[in-house]
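Chain letters run A, B, ... following the sequence lines, proteins first, then strands; residues in each count from 1.
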Amino acid sequence: MEIQIQELSPKKALLKFSDTTATEVNAIRRSLVSNIPKMAIDDVEFHLGTVHDDESGRDYDLSTSIFDEAIALRMGLLPVPTKPKSFRFKDKCTCKGEGCEHCQVIYTLDKKGPCTVYSRDLVPLGDPELAIADPDVPIVTLGARQAILTYATAVMGTGRQHAKWQVVHAVGFTAQPKVTINKAAGCSDACLKKAGSICPTKVFKAGDGPLEVVKEDACILCKDCEKACSHGSIKIDSDPTTYLFTFETDGSMTAREALRLAFENLVAEIDDLRDAVVSLG
Amino acid sequence: MMVPVRCFTCGKVVAQFWDAYQQRLARGEKAKDILDDLGVDRYCCRRMLMTHVDLVNDLGPYG
């Protein structure tokens, strides 16, 4: 298997896997979706009752127009920055599940209305780099004399447990498209140009000369161009040994880190399987 | 209620674009141009913002 990086930004990757099979590429996809560990808010403690603000001399009711569980769900979905290997799973930590700086992050949220509470208002205890990756996510709107005081705890998990621990989204792959133009008998340049202009992703370029293939990778295999030329001059095929693979991350880690962890995890799983088979005797 | 934090279909965090999207719509920009500019490319994420009705302020007094 060969991997060529075609596009790699902090949150997005486009890779080309060649000399491989769909099964192998799918194993990488599944590892990316469900096996990368990351932090997400899992436990939210809401304080109830009233709070007194000394500055304004007012009392605030610690309740909002959204149910507490709905607020907790919204917090859970926020992307918590996760440096690989900097945290451990709570049940495998040296603190034996009690909760320490190596297996959990605590955020405090203390706001008084009227205002909109954003993800940037969640303040991490300790390292300020652990502030939520997307600062502008609205969590709840507070009316006048409404307030919110919560402690939220983020722990490690994987996408297999819940989608909030899923690092990547929109992950998918497609077989490498092969677009060939071979002018058949009876076909004209005008016919080819007409067929090429139908393409929704603009794979072809029809300048003054004959029709050319300029963006083969952009082809979505719809075969509209093939149907448009009745002479059969355009052929759309796909290469089952080469795959275009794309995914995005939610911002909790970079695409490069996510891919590296996915590979590590896949190798570990295969090793586990081998050991299990060997132990059968 | 509030705008969903993530896209129901793909899981992209879309709520962070809500305020900017609303402000730019109010300025008279086209939804297509705003979403293209914000990097909301897929139609699953685009419908999250385009079809959301923010009712949380109407519920405020009953909290």
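Using a 4.5 Å heavy-atom cut-off against chain A, the contacting residues of residues 9-24 of chain B are Cys10(B), Gly11(B), Lys12(B), Val13(B), Ala15(B), Gln16(B), Asp19(B).
The SG atom of Cys44(B) sits 9.0 Å away from the NE2 atom of His169(A) when rounded to the nearest 0.5 Å. Atom OG of Ser65(A) sits about 10.0 Å away from atom CG of Asp58(B), to the nearest 0.5 Å.
Only the side chain of Asp41(B) comes within contact range of chain A, with heavy atoms under 4.5 Å apart. Interface remark: Phe67(A) contributes no atoms to any contact with chain B (heavy atom separation under 4.5 Å). Of the two parts of Leu142(A), neither the backbone nor the side chain holds a non-hydrogen atom closer than 4.5 Å to a non-hydrogen atom of chain B.
Counted within 6.0 Å of CZ on Phe8(B), heavy atoms from surrounding residues, nucleotides or ligands total 12 or fewer; the atom is thus considered open. More than 12 heavy atoms of other residues, nucleotides or ligands sit less than 6.0 Å from atom CZ of Arg120(A).
Between Arg74(A) and Met1(B), every side-chain heavy-atom pair lies at or beyond the 4.5 Å cut-off.
Considering only residues two or more places apart in sequence or on other chains, Tyr243(A) meets the ring-ring contact (aromatic ring centres under 6.0 Å, His included) condition with Phe173(A).
The two residues Met2(B) and Pro138(A) come nearest to each other via the heavy atoms CE-CB, 3.6 Å.
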